[in-house]
Amino acid sequence: MSKLSCMQFVFLLFEIFVLGFQTTGAQSVGVCYGRNGNNLPNAQATINLFRAKGIRRMRLYDPVQPALQALRGSNIEIILDVPNTQLQSLQDPAGARTWVRNNIQNYLPGVRFRYIAVGNEVDPNNGGTSRYVNLVLTAMRNVHNAIVAAGLQNQIKVSTATYSGVTDGFPPSQGSFKDNAKGFIEPIIRFLAQNNLPLLANIYPYFSHIGTPQSDLQYALFTAPNVVVTDPVGSRQYRNLFDALLDTLYSAVERSGGRNVEIVVSESGWPSAGGREASVQNAGTYYRNLINHVRGNGTPKRPGKPIETYLFAMFDENIKGDAETEKHFGLFNPTTQQPKYQLSF
């Protein structure tokens with residue numbers, strides 16, 4: 001090899017390394033595509049907006065055909081949910097195989113599936129979801145077996161999406177699952193650990209902040225000038241509430257036999273209106289700081305690597321939920337498709 005060609009080869013390797021590093025960082029952030037609105041752009045326009053803004057990961061809450069069709073060839077990786085209302089149909093292995101065939105295999109190779117979230121925020125303490133508690137693990141197992149039977153287990157990971165509401169404990173090293181949730185969640189954690197699968201988790205410093213008297217807004221917005229919480233176990237120091245909530249969940253998962261289970265933050269956001277501390281300024285600060293933080297800092301308990309995180313949500317959803325704040329989590333105006341905040345993906 002000539003001196004010139006050798007130098008070109010080295011430079012090419014360097015370019016590949018840098019590109020790979022940049023891609024890994026950029027891809028740690030995705031956006032959730034919620035559809036609880038009557039003024040939303042159609043699926044194709046939405047996927048076009050994802051691509052135009054450089055958003056390469058998406059969470060889609062139900063396997064709606066127009067969205068999956070629009071995703072073909074987009075190169076966007078997705079979390080696809082099995083809605084709670086469909087869990088009953090997956091108690092039978094044949095039903096799970098049918099679901100995987102209809103909603104996954106029929107869209108391959110054009111759609112890049114990353115995770116399947118079997119149920120969302122099912123919690124024995126929540127009257128709205130407690131009726132699904134006995135359905136989640138069987139549905140997860142059946143969907144996972146269907147994915148394995150299809151030879152897709154190296155591409156697609158099966159999980160469920162939980163949230164901070166199932167944990168207790170402070171400081172973060174003392175995190176554990178609530179006593180009356182352990183019977184539900186601990187077998188799920190063991191299943192994930194046995195099959196090398198991640199746990200999906202919705203982490204909202206906003207709700208924790210407004211639900212805690214005397215809570216520090218700067219701590220919730222990643223703007224605290226000093227350490228706010230020092231955990232005596234490992235002398236870990238916390239400057240933001242996001243890390244504290246995530247590490248509390250990591251501690252709970254470890255106590256339940258999931259020491260090697262990774263957590264993917266499947267939702268996190270801040271409302272721009274509708275409640276206390278809900279403003280465009282606070283939401284913009286939160287989203288910008290969250291994006292910067294998860295690209296490589298890790299948490300005190302799991303430092304030094306990106307935290308795969310999905311921002312909630314793409315659009316304001318004007319028919320979502322009972323609380324007014326739930327209608328104002330969008331990053332983009334659904335009518336004009338213009339951004340509320342200047343964010344870099």
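Residues N142 and D92 bring no donor and acceptor atom of their side chains to less than 3.5 Å of each other. At a cut-off of 3.5 Å, with distance as the only test, no side-chain donor of Y61 or N36 sits close to an acceptor on the other residue.
Listed by first then second residue, pairs satisfying ring-ring contact (aromatic ring centres under 6.0 Å, His included) with a partner in residues 255-294 read Y206-W270, F222-Y286, F222-H293, W270-Y286, Y287-Y341, not counting sequence neighbours. Note on residues 208-222: pairs passing side chain to side chain donor-acceptor pair (under 3.5 Å), not counting sequence neighbours, are H209-S215. For residues 217-226, there are no salt bridge (Lys or Arg N to Asp or Glu O under 4.0 Å) pairs, not counting sequence neighbours. Residue pairs satisfying the side chain to side chain donor-acceptor pair (under 3.5 Å) criterion with at least one member in residues 119-128, sequence neighbours excluded, are listed as follows: R59-N120, N120-N202, E121-N202, D123-N125, D123-Y163, N125-N180. Judged as a ring-ring contact (aromatic ring centres under 6.0 Å, His included), the pairs with a partner in residues 164-192 (not counting sequence neighbours) are, in order, H144-F191.
Partners of K340 under the salt bridge (Lys or Arg N to Asp or Glu O under 4.0 Å) rule, at least two apart in sequence or in another chain, are D316. In this structure R302 satisfies the salt bridge (Lys or Arg N to Asp or Glu O under 4.0 Å) test together with E254, E262, sequence neighbours excluded. Residues passing the side chain to side chain donor-acceptor pair (under 3.5 Å) test with E324 are H328, sequence neighbours excluded. Under the rule for a ring-ring contact (aromatic ring centres under 6.0 Å, His included), the partners of F312 that lie at least two apart in sequence or sit in another chain are F329. Every residue was checked against the side chain to side chain donor-acceptor pair (under 3.5 Å) condition with Y107, not counting sequence neighbours, and none meets it. Here D62 pairs with R35 under the salt bridge (Lys or Arg N to Asp or Glu O under 4.0 Å) rule; sequence neighbours left out. Residues that satisfy the salt bridge (Lys or Arg N to Asp or Glu O under 4.0 Å) test with D179, not counting sequence neighbours, are K182.
Here the OG atom belonging to S251 is positioned 7.5 Å from the CG atom belonging to D231, to the nearest 0.5 angstrom. Distance CG/L80 to CG/N103: 6.5 Å, rounded to 0.5 Å. Rounded to the nearest 0.5 angstrom, T309 OG1 and L290 CG are separated by 5.5 Å. Taking CD1 from I116 and CD1 from I104, the interatomic distance works out to 4.0 Å, rounded to the nearest 0.5 Å. To the nearest 0.5 Å, atoms CD (Q69) and CG (N106) are separated by 9.5 Å. A distance of 9.5 Å separates CZ of R51 from CG of L71, quoted to the nearest 0.5 Å.
More than 12 heavy atoms of other residues, nucleotides or ligands lie within 6.0 Å of CZ in R72, so this atom counts as buried by the packing criterion. Residue-environment remark: CD (Q44) exceeds the threshold of 12 foreign heavy atoms within 6.0 Å.
Nearest heavy atoms, F332 versus Q337: CD2-O, 3.7 Å. Of all heavy-atom pairs spanning I55 and I76, the tightest one is O-CG1, 4.0 Å.
Using a distance-only test at 3.5 Å, with no hydrogens or angles considered, a donor-acceptor pair links the side chain of S266 to the main chain of A201.
L108 and L60 fall within the same hydrophobic cluster, defined by Ile, Leu, Val, Met, Phe, Trp and Tyr side-chain heavy atoms under 4.5 Å apart, directly or through other members.
Between P41 and F315, some side-chain heavy-atom pair lies under the 4.5 Å cut-off.
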